[in-house]
4 protein chains.
Amino acid sequence: MKKNKPKYKQIIDAAVIVIAENGYHQAQVSKIAKQAGVADGTIYLYFKNKEDILISLFEEKMGLFVEKTKEVIAGKHSAKEKLLVMIENHFRLLSEDHHLAIVTQLELRQSNKDLRLKINAVLKEYLMLVDAVLREGIELKEFAEDLDVRMARQMIFGTIDESVTTWVMNEQKYDLIALAPTVHHLITNGCGAKL
Amino acid sequence: MKKNKPKYKQIIDAAVIVIAENGYHQAQVSKIAKQAGVADGTIYLYFKNKEDILISLFEEKMGLFVEKTKEVIAGKHSAKEKLLVMIENHFRLLSEDHHLAIVTQLELRQSNKDLRLKINAVLKEYLMLVDAVLREGIELKEFAEDLDVRMARQMIFGTIDESVTTWVMNEQKYDLIALAPTVHHLITNGCGAKL
Amino acid sequence: MKKNKPKYKQIIDAAVIVIAENGYHQAQVSKIAKQAGVADGTIYLYFKNKEDILISLFEEKMGLFVEKTKEVIAGKHSAKEKLLVMIENHFRLLSEDHHLAIVTQLELRQSNKDLRLKINAVLKEYLMLVDAVLREGIELKEFAEDLDVRMARQMIFGTIDESVTTWVMNEQKYDLIALAPTVHHLITNGCGAKL
Amino acid sequence: MKKNKPKYKQIIDAAVIVIAENGYHQAQVSKIAKQAGVADGTIYLYFKNKEDILISLFEEKMGLFVEKTKEVIAGKHSAKEKLLVMIENHFRLLSEDHHLAIVTQLELRQSNKDLRLKINAVLKEYLMLVDAVLREGIELKEFAEDLDVRMARQMIFGTIDESVTTWVMNEQKYDLIALAPTVHHLITNGCGAKL
DNA sequence: GATGAATGAGCCTTCATTCAT
DNA sequence: GATGAATGAAGGCTCATTCAT
């Protein structure tokens with residue numbers, strides 16, 4: 001299994017750094033190889049082509065995202081609390097890796113439609129976690145019983161994503177994690193949570 | 001003023017069509033020129049370079065957006081109502097021009113970071129309209145008095161944008177405008193509006 | 001029509017020289033462009049890709065071959081005479097253009113199977129001229145009445161081709177045209193011509 | 001002597017199969033190694049480089065050719081008969097090994113000039129057998145006394161080679177060996193044999 | 001003002017060969 | 001002797017922009 005060999009992760013981490021520092025269109029394979037400390041050709045022992053590096057990058061990192069999210073919500077018993085820790089977790093993971101934040105919020109969006117469709121497929125698992133929490137909140141009568149789950153999920157993801165992108169565009173000058181309660185307040189209100 | 005000459009708009013409209021139908025990376029200057037019915041070189045009599053076409057495109061179309069938005073909110077007296085017509089207006093303008101929807105939601109996001117920063121500057125005027133409505137709502141006690149305007153605006157724009165993008169990615173198969181009340185409900189709730 | 005523009009022939013002639021002097025695998029597009037005195041990109045205004053240069057080269061030159069061959073046999077009344085002038089013509093055209101001889105006999109054969117199949121299609125017209133002469137010779141009772149035209153044509157083409165290739169491999173050190181009568185004698189004998 | 005170790009022949013046979021089935025340019029060393037059931041690096045214990053595999057392949061197979069040819073002409077007493085069994089032998093050996101036929105007639109010709117010069121050196125022994133038979137035929141007055149041996153040999157080899165190549169290009173659809181008498185008739189006639 | 005032929009910089013990928021184990 | 005992971009050089013093609021007409 002190639003994914004477990006050290007160079008696999010080495011190359012992905014190099015790609016994050018190179019893309020963050022040079023931009024998507026200036027992230028040549030040769031630059032990634034150099035950053036990873038391997039020869040250009042070695043990249044192709046672990047990835048089918050350049051696009052494959054980017055998809056794998058997203059899968060690896062988003063995998064951690066989903067895993068971590070599952071962990072943090074496991075200990076919470078109300079949907080409201082779960083949403084809070086999800087937002088905090090989302091903000092924290094990107095705050096802790098500034099390069100990754102730039103890559104996911106700005107650079108990877110420049111990829112072509114095909115790549116973005118594949119990225120969306122990876123995102124789906126994350127969005128399904130949100131859906132599950134929303135449905136739980138409705139059942140527990142925390143949220144409005146007529147809440148439109150799909151639209152609420154789009155609000156939640158849209159709000160979180162827009163918040164992170166704005167923060168990255170402002171060069172990460174302020175404390176993103178500190179915004180979590182405000183964002184949480186806005187979206188749970190949106191979902192009809194009683195105050 | 002070049003903007004008033006017929007070929008200026010002709011080229012921008014050609015760009016929207018070409019980008020929507022071929023994708024950002026397949027929208028070569030020569031293709032746009034052909035669609036516009038002019039020679040390649042003529043483009044450069046009206047635009048500094050290719051990036052300038054895209055910024056101008058965004059400015060032109062977003063200008064109409066702001067203008068229309070101002071019109072529709074003019075007749076409304078509550079912030080809540082104003083938000084509703086803004087959402088409806090946003091959804092309607094993109095529903096009416098499928099090419100434009102593809103370009104703004106999918107294709108233009110593939111542009112490089114620089115172009116997107118410029119696009120964000122153009123967006124600012126639109127976001128300031130949202131801010132004004134929010135502040136008005138707070139003053140009129142329609143919304144929570146401690147509402148964080150900046151974050152609320154990010155929620156509103158993020159939610160709207162995510163809704164439109166999802167709709168475009170689903171190939172515009174359902175009625176976007178019909179979603180306006182649901183979205184409105186979610187975000188005014190988020191802003192603490194009493195039911 | 002691109003074929004009539006001066007740069008079309010200019011590039012083909014450059015390709016013949018570059019391939020002859022550097023070998024097929026060392027004939028980079030950039031080298032051909034330099035030899036032709038145009039930019040690399042200009043090549044692609046006249047040819048679809050590198051393979052297209054080679055096929056066009058063959059078509060152009062073989063077209064002259066067929067044309068010239070038709071001319072020289074037009075004035076002759078016996079099949080035997082026609083074969084003689086065909087051989088002489090074949091030898092003369094390649095003797096007069098040493099670069100072309102190298103390209104057709106050695107370098108172009110290194111092209112991949114696909115290209116060679118296309119080249120064979122171009123050759124067909126030339127081979128059909130041989131067939132016509134052979135059938136005429138049979139009818140005029142110059143050749144054996146039971147002559148197998150297809151095999152005789154393979155003998156004729158194989159013999160001529162082998163003679164030229166050997167001459168090229170020997171660095172064109174001797175007079176190729178002087179061999180025509182000998183070759184002619186061998187193949188007409190082969191076809192059963194009376195002495 | 002490496003040539004006697006089992007892996008030597010194993011690799012050569014693998015090369016014939018891989019080249020025939022994939023084409024010269026798709027016959028990577030790693031593919032040959034896999035087909036031979038050895039590691040890539042092992043190839044280099046038996047061959048200097050890739051070109052060396054091909055030359056050795058040709059030497060081995062052509063060695064069998066010459067050997068067999070000597071055998072079949074040993075029992076014949078006239079030059080004419082000898083030529084017939086040589087042609088039959090040539091056709092039979094390639095008919096019996098379709099892979100080898102593809103490799104010698106189509107794929108190996110795509111090798112570069114250098115390799116082909118070396119291949120020609122290997123061929124020389126075979127051609128000298130033809131020369132010997134021709135000189136014998138002249139002495140025995142079977143052929144014209146003024147026969148140009150070199151040109152006659154080129155006719156014979158060119159005709160045989162062209163016949164085989166045409167047969168391979170037609171995907172070996174007809175019986176090649178059945179053509180031997182016709183080819184024999186053509187070339188002995190060409191050499192001035194009395195009927 | 002309008003044209004469109006010409007330019008040329010820039011990059012992903014392959015694969016023969018090596019060498020530490 | 002055998003392995004196979006790692007190397008790194010090399011080239012065809014695209015397309016935004018220019019400029020002579």
**Below 4.0 Å: OP1/OP2 of dA5(E) and any side-chain N or O of K7(C)** =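 False: K7(C) side-chain N/O out of range (4.0 Å or more) of dA5(E) OP1/OP2.
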**Asked** Looking only at side-chain N and O atoms, does T42(C) come under 4.0 Å of OP1 or OP2 in dT7(E)?
**Response**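 Looking at the OP1 and OP2 atoms of dT7(E), one of them is under 4.0 Å from a side-chain N or O of T42(C).
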**Message:** Under a 3.5 Å cutoff, is there a donor and acceptor pairing between the side chains of N22(C) and Q28(C)?
**Reply:**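 No, Q28(C) and N22(C) have no side-chain donor paired with an acceptor closer than 3.5 Å.
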**Request:** Look at the aromatic rings of H25(A) and H25(B) and report parallel, tilted or perpendicular, splitting at 30° and 60°.
**Result:**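 Perpendicular: the ring planes of H25(A) and H25(B) meet at over 60°.
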Integer-rounded Å distance: [N] [atom2] and [X] [atom1]:
X	N	atom1	atom2	result
I11(D)	dG1(F)	CD1	P	12 Å
K48(C)	dG12(F)	NZ	P	16 Å
Q10(D)	dG1(F)	CD	P	14 Å
K31(B)	dT14(F)	NZ	P	12 Å
Y46(A)	dA6(F)	OH	C1'	8 Å
Q26(C)	dA9(F)	CD	P	16 Å
K5(B)	dA2(E)	NZ	C1'	12 Å
I53(B)	dA16(F)	CD1	P	9 Å

**Check: V103(C) and F58(C) side chains under 4.5 Å, non-hydrogen atoms** =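 No, too far: nothing below the 4.5 Å cut-off.
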**Asked** Heavy-atom distance under 4.5 Å between the side chains of Y24(D) and L54(D), does that happen here?
**Response**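 SC-SC contact between Y24(D) and L54(D) confirmed.
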What nucleotide among [options] has an atom nearest to a side-chain atom of [X]?
X	options	result
K50(B)	dA6(F), dT17(F), dG1(E)	dT17(F)
Q28(C)	dG11(F), dA2(F), dG1(E)	dG11(F)
A39(A)	dT17(E), dT13(E), dT7(F)	dT7(F)

**Item:** Under the ring pair (Phe, Tyr, Trp, His ring centres under 6.0 Å) test, residues paired with H99(D) that sit two or more places apart
**Value:**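 For H99(D) there are no ring pair (Phe, Tyr, Trp, His ring centres under 6.0 Å) partners, ignoring immediate neighbours.
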**Request:** Name all residues meeting the ring pair (Phe, Tyr, Trp, His ring centres under 6.0 Å) criterion together with F65(A); count only those two or more places apart in sequence or in a different chain, and write none if there are none.
**Result:**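 For F65(A) the ring pair (Phe, Tyr, Trp, His ring centres under 6.0 Å) partners, ignoring immediate neighbours, are H90(A), Y126(A).
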Between the protein and nucleotides 19-21 of chain E, are there any N/O to N/O pairs under 3.5 Å, and if so, what are the atom names and distances?
none

**salt bridge (charged side-chain N to carboxylate O under 4.0 Å, His left out) pairs, two or more places apart, involving residues 39-51 of chain B** =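 Qualifying pairs: E51(B)-K118(B).
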**Prompt:** salt bridge (charged side-chain N to carboxylate O under 4.0 Å, His left out): which pairs involve residues 12-38 of chain C, sequence neighbours left out?
**Reply:**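 Found D13(C)-K61(C).
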**Asked** So how far is it from I32(A) CD1 to I53(A) CD1, rounded to the nearest 0.5 Å?
**Response**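 The CD1 atom of I53(A) is 4.5 Å from CD1 of I32(A), to the nearest 0.5 Å.
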**Prompt:** When rounded to the nearest 0.5 angstrom, what distance separates CG in L94(D) from CD in Q105(D)?
**Reply:**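 L94(D) CG to Q105(D) CD: 6.0 Å, rounded to 0.5 Å.
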**Prompt:** Based on Watson-Crick and G-U pairs with both distances under 3.5 Å, what dot-bracket line describes DNA chain F 5' to 3', crossing pairs as [ ] and inter-strand pairs as |?
**Reply:** .||||||||||||||||||||
**Request:** For G37(B) and for A27(A), locate the closest nucleotide of DNA chain E by heavy-atom distance; then report the residue assigned to the nucleotide nearer the 5' terminus.
**Result:**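 The residue closer to the strand's 5' end, by nearest nucleotide, is G37(B).
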**Message:** Applying a 4.0 Å non-hydrogen cut-off, can you work out what V29(A) is touching in the nucleic acid: base, sugar-phosphate, or nothing?
**Reply:**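 Base, at least one base heavy atom under 4.0 Å.
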**Prompt:** How do S30(B) and D40(A) order along DNA chain F: which one's closest nucleotide is nearer the 5' end?
**Reply:**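 Counting from the 5' end, the first nearest nucleotide belongs to D40(A).
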